[in-house]
Amino acid sequence: MTNKAYQTQKIFFALGTVCTLTVFGGDGIHAMTKAKARILEIDRKGGCLNPAVCMMSKGYAAQEAGQILKQSDVREALIVIGETVVNIGSKRRIGLQKPFGKAGDNFAYIDVEEKAVVSTGLYQQGFEQQSRSDRHGDNALAGLTLIGDNAVKLSALCNTASALSLSDAMALLNDTEVEAIFITRGQKVVTTNGLQKHAARQAA
């Protein structure tokens, strides 16, 4: 399958978030149109009144768009809604946003194949979550990235885990098949044991 982009469309999601929908190779115009319509429908109904609700809407929209593309026999595609990513098909390298950095300022990259990636950080959370995180000091999470099969599940876990301490967040994910990269306020970077399967590497 060629890696040359057949078509890319940009859609403005809630709160000014840009959604990029890309199909690689093949004839995916009709599928892309359907996926775009579904994303916009979810955006209209989502009512992103706070970051937690908006994250769930992004995860749901990305997951739904991915299902539409797959059902339309699209085998290679990438859906990006803010820091929510769904990759369909071949392995692709995803940049991870540096907490409190400028847009596009990545601290690491991760290679994923047929996976979803959802990231969040203290800088994106509402006041209530930040206040809870204040209790954890340097072990509070400044950034969190989850890798798994379902963007909706990852969004829900991100919302919960991001307000916890590092140890509590890791305990929460212990019984799941989700892999994670944690960044604490003290600038400590910790990954789950299985993350090497996804070939994460620190940015130069």
Side-chain angles (χ1 to χ4, degrees), residues 1-25 35 39 51 54-63 65-66 69 76-125 141-155 157-159 161-162 166 169 173 178-185 187-204:
M1 182 68 69
T2 178
N3 283 326
K4 182 179 179 181
Y6 175 76
Q7 186 175 0
T8 298
Q9 290 192 11
K10 288 190 176 181
I11 310 161
F12 286 98
F13 201 75
L15 303 181
T17 301
V18 177
C19 167
T20 304
L21 186 60
T22 306
V23 170
F24 297 88
I39 290 171
C54 199
M55 175 176 285
M56 290 299 298
S57 293
K58 292 174 187 176
Y60 182 46
Q63 194 67 30
L69 294 178
E76 299 284 334
L78 187 67
I79 303 157
V80 182
I81 306 180
E83 293 183 18
T84 297
V85 179
V86 170
N87 179 49
I88 298 171
S90 303
K91 184 182 294 184
R92 294 188 176 86
R93 179 152 291 174
I94 308 298
L96 305 182
Q97 174 70 33
K98 182 178 181 180
F100 304 103
K102 297 179 180 178
D105 185 5
N106 298 323
F107 78 94
Y109 297 90
I110 186 165
D111 295 332
V112 294
E113 183 176 354
E114 285 289 339
K115 293 290 182 182
V117 179
V118 175
S119 298
T120 189
L122 185 67
Y123 59 98
Q124 296 171 310
Q125 297 170 8
L141 296 179
L144 172 63
T145 294
L146 301 182
I147 304 100
D149 295 326
N150 187 289
V152 180
K153 178 180 179 180
L154 296 183
S155 298
L157 286 171
C158 255
N159 276 334
S162 59
L166 173 61
L173 298 174
V178 172
E179 299 296 342
I181 301 174
F182 308 90
I183 309 175
T184 69
R185 281 185 177 179
Q187 303 299 306
K188 183 179 181 180
V189 178
V190 179
T191 65
T192 47
N193 291 334
L195 193 61
Q196 59 267 25
K197 295 184 298 184
H198 303 288
R201 69 173 181 85
Q202 187 170 345

Any chance you could measure [X], atom [atom1], to [Y], atom [atom2], to the nearest 0.5 Å?
X: Ile39; Y: Leu21; atom1: CD1; atom2: CG; answer: 5.0 Å
X: Leu96; Y: Phe107; atom1: CG; atom2: CZ; answer: 5.0 Å
X: Cys158; Y: Leu144; atom1: SG; atom2: CG; answer: 4.0 Å
X: Asn87; Y: Arg93; atom1: CG; atom2: CZ; answer: 13.0 Å
X: Ile181; Y: Ser119; atom1: CD1; atom2: OG; answer: 7.5 Å
X: Leu166; Y: Thr184; atom1: CG; atom2: OG1; answer: 6.5 Å

State, to 0.1 Å, how close [X] and [Y] come at their nearest heavy-atom pair, and which atoms those are.
X: Asn159; Y: Met55; value: OD1-SD, 3.5 Å
X: Glu83; Y: Thr120; value: OE1-N, 4.3 Å
X: Phe13; Y: Ala61; value: CE1-CB, 3.9 Å
X: Tyr109; Y: Gly95; value: CD2-CA, 3.5 Å
X: Val86; Y: Ala116; value: CG2-CB, 4.2 Å
X: Ala161; Y: Leu141; value: O-CD1, 3.5 Å

Is it true that a side-chain atom of [X] and a backbone atom of [Y] form a donor plus acceptor pair closer than 3.5 Å?
X: Thr192; Y: Ala180; result: yes
X: Gln63; Y: Ala151; result: yes
X: Glu113; Y: Ser90; result: no

Beyond-backbone contact of Lys91 with Val112, side-chain heavy atoms, under 4.5 angstrom: no
Ser155 side chain reached by Lys58 side chain, heavy atoms, under 4.5 Å: no
Lys115 with Asp149: basic N within carboxylate O range, under 4.0 Å: yes
Worked verdict on Leu146 versus Leu173 for side chain to side chain contact (heavy atoms under 4.5 Å, CB included): CA-CA 10 Å; Leu146 301 182; Leu173 298 174; 3.7 Å; yes
Does the side chain to side chain contact (heavy atoms under 4.5 Å, CB included) test come out yes or no for Ile88 and Glu114, once each step is laid out? CA-CA 5 Å; Ile88 298 171; Glu114 285 289 339; 3.8 Å; yes
Do Leu69 and Ile79 pass the side chain to side chain contact (heavy atoms under 4.5 Å, CB included) test, and can you show the C-alpha distance, the side-chain angles, and the key distance before you say yes or no? CA-CA 10 Å; Leu69 294 178; Ile79 303 157; 4.0 Å; yes
